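Each remark here refers to the structure printed beneath this line.
Computed from a prediction, not measured in an experiment: that's the story for all the values here.
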Amino acid sequence: MGSLRIVFMGTPDFAVPALDALIAAGHEIVGVYTRPPRPAGRGQRERRSPVHELAGRRGLRVFHPGRLTDAESFAALSPDAAVVAAYGSILPAAFLEAPRLGCVNIHASLLPRWRGAAPIQRALMAGDAETGITVMQMDQGLDTGGILSQRRMPIGPADDAGAVHDALAAMGAGLVVETLAEMAAGRCRARPQPDEGVTYAAKIDRAETRIDWRKAAREIHRQVRALSPVPGAWFEAGGARVRVLAARPVSGDAPPPGTVIGDGSAIACGDGSLRLERLQRGGKQAVDADAFLRGFPMPAGTVLPVETP
């Protein structure tokens with residue numbers, strides 16, 4: 001495959017493997033766009049995005065505008081294509097039209113299912129049996145552009161958002177390199193997304209992170225997996241917020257929802273119970289449930305607060 005002039009646009013960890021793969025494939029990365037550095041940590045020092053860090057190590061030219069308004073500077077890079085992966089901002093029409101082959105997006109779902117900001121989390125919350133990567137020809141809609149390529153992946157019963165994220169990031173990196181080669185050779189044409197099966201992956205709201213023990217254990221299990229490792233599903237116990245990073249549902253009759261049962265590592269739910277496996281308290285490291293309970297006992301019979309309606 002011949003080298004293409006690529007503008008890469010991405011911000012979080014998800015985008016890093018794709019930029020690495022494009023460099024390894026021999027493409028000329030003429031510019032990297034990422035979100036601006038943000039204050040972080042106790043000292044509120046500006047922290048560069050993961051993509052910015054990689055681009056800096058590779059000596060690439062980096063742009064981090066607060067808003068995408070300077071289409072002339074973008075077009076002046078004379079890109080053959082722009083590759084977008086979780087950039088974090090909508091591209092104006094002038095940016096979409098500048099590259100010779102257009103702008104392609106690496107999206108972490110099998111479009112048209114789960115358009116939007118949180119496709120991995122929503123797929124897990126919904127109990128989807130599979131997910132995948134879509135490389136899409138971008139238009140001005142929200143993940144509505146034509147499909148250039150797709151690759152599928154099963155979701156295992158214990159997979160959490162972290163595991164799915166890493167697998168899809170690697171999958172997207174390989175697929176976008178293959179897709180660009182097909183596009184450059186004139187063998188790849190975008191096909192419209194079907195009208196059926198459209199769903200939207202809204203950003204996770206803070207209220208969705210609290211566990212409501214009145215729900216079925218299997219539903220709470222999906223919530224835990226979808227929110228692990230961050231931001232983490234949580235419950236309140238002894239005035240402390242406890243994050244659940246791993247758990248498994250247990251069937252059978254149980255006392256009223258929110259009741260601690262057995263050795264303290266299981267909580268009764270609206271249907272069945274949830275066996276806690278990995279927990280974390282604020283300011284502490286995540287540990288297995290038995291180690292957590294030695295330092296933070298939850299006696300059997302304790303009734304935890306449930307989410308208010």
Side-chain angles (χ1 to χ4, degrees), residues 41-42 114 117-129 131 154-167 201-309:
R42 291 184 178 179
W114 302 128
I120 294 173
Q121 292 85 351
R122 294 301 176 188
L124 287 165
M125 281 185 172
D128 289 4
T131 184
I155 298 176
D159 286 344
D160 63 18
V164 174
H165 169 282
D166 292 352
K203 184 178 179 180
I204 300 297
D205 187 89
R206 290 181 64 183
E208 295 179 271
T209 63
R210 181 168 183 171
I211 294 173
D212 182 347
W213 297 113
R214 295 168 296 185
K215 295 181 178 179
R218 61 185 177 277
E219 184 177 352
I220 298 174
H221 181 231
R222 294 198 299 265
Q223 177 190 14
V224 168
R225 292 164 56 214
L227 301 178
S228 180
V230 290
W234 63 277
F235 64 91
E236 186 179 321
R241 181 176 293 198
V242 179
R243 297 169 71 228
V244 183
L245 301 179
R248 59 185 171 88
V250 181
S251 59
D253 295 334
T259 304
V260 178
I261 55 180
D263 62 358
S265 65
I267 313 295
C269 305
D271 180 13
S273 58
L274 192 74
R275 177 73 60 183
L276 308 176
E277 296 184 336
R278 193 161 182 80
L279 302 168
Q280 184 178 30
R281 205 154 40 111
K284 307 289 185 180
Q285 289 189 337
V287 294
D288 292 340
D290 56 352
F292 180 90
L293 292 169
R294 284 196 294 270
F296 191 84
M298 294 193 300
T302 301
V303 180
L304 303 174
V306 297
E307 176 78 324
T308 54

Please evaluate residues I267 and T259 with respect to the criterion side chain to side chain contact (heavy atoms under 4.5 Å, CB included), reporting the C-alpha separation (whole Å), side-chain torsions for both, the decisive distance (0.1 Å), and the verdict.
CA-CA 6 Å; I267 313 295; T259 304; over 6 Å; no
Pair D128, R222 - check salt bridge (Lys or Arg N to Asp or Glu O under 4.0 Å), show working.
CA-CA 10 Å; D128 289 4; R222 294 198 299 265; over 6 Å; no
I'd like to know if the side chain of E208 and the backbone of Q223 have a donor-acceptor N/O pair within less than 3.5 Å.
no
With a 4.5 Å limit on heavy-atom distance, are the side chains of R122 and I204 in contact?
yes
CD1 on I120 to CG on D159, rounded to 0.5 Å
11.0 Å
Please determine whether the number of non-hydrogen atoms from other residues, nucleotides or ligands lying under 6.0 Å from atom CG of D205 exceeds 12.
yes
Side-chain heavy-atom pair R210, F235 within 4.5 angstrom cut-off:
no
Shortest non-hydrogen contact from M298 to V260?
O-CG1, 3.3 Å
If we only count heavy atoms from C-beta on, is the R241 to T209 side-chain gap below 4.5 Å?
no
What's the separation between atom CG in D290 and atom CZ in R278, rounded to the nearest 0.5 Å?
10.5 Å
Is D288 paired with R294 through a side-chain N to carboxylate O contact shorter than 4.0 Å?
no
Any chance you could lay out the side chain to side chain contact (heavy atoms under 4.5 Å, CB included) test for L274 and W213, step after step, and finish with the verdict?
CA-CA 9 Å; L274 192 74; W213 297 113; 4.0 Å; yes
Which atom pair, heavy atoms only, marks the closest approach of R281 to A240?
CD-CB, 3.9 Å
Shortest non-hydrogen pair, A233 vs I211, comes out as CB-CG1, 3.9 Å
P119 side chain near T131 side chain, heavy-atom distance below 4.5 Å
no
Any chance you could measure D160, atom CG, to I155, atom CD1, to the nearest 0.5 Å?
11.5 Å
With side chains defined as the heavy atoms from C-beta onward, is the minimum distance between C269 and K215 less than 4.5 Å?
no
Using a 4.5 Å cut-off on heavy atoms from C-beta on, say whether the side chain of F296 contacts that of L279.
no
Return yes when atom CZ of R218 has more than 12 non-hydrogen atoms of other residues, nucleotides or ligands closer than 6.0 Å, and no otherwise.
no
Output, in order, the C-alpha distance, side-chain angles, deciding distance and verdict of side chain to side chain contact (heavy atoms under 4.5 Å, CB included) for R248 and V224.
CA-CA 9 Å; R248 59 185 171 88; V224 168; over 6 Å; no
Taking all heavy atoms of A226 and all of M125, pick out the closest pair and write down the distance.
CB-CG, 3.5 Å
So do I261 and P255 actually touch side chain to side chain, heavy atoms under 4.5 Å?
yes
How many angstroms lie between CD in E219 and CG in D212, if you round to the nearest 0.5 Å?
8.5 Å
Heavy-atom closest pair, residues S273 and A268
CB-CA, 4.0 Å
Yes or no on side chain to side chain contact (heavy atoms under 4.5 Å, CB included) for F292 and K284, after CA distance, side-chain angles and deciding distance?
CA-CA 10 Å; F292 180 90; K284 307 289 185 180; over 6 Å; no
Once you round to the nearest 0.5 Å, how far does CG of L304 lie from CD of E236?
9.0 Å
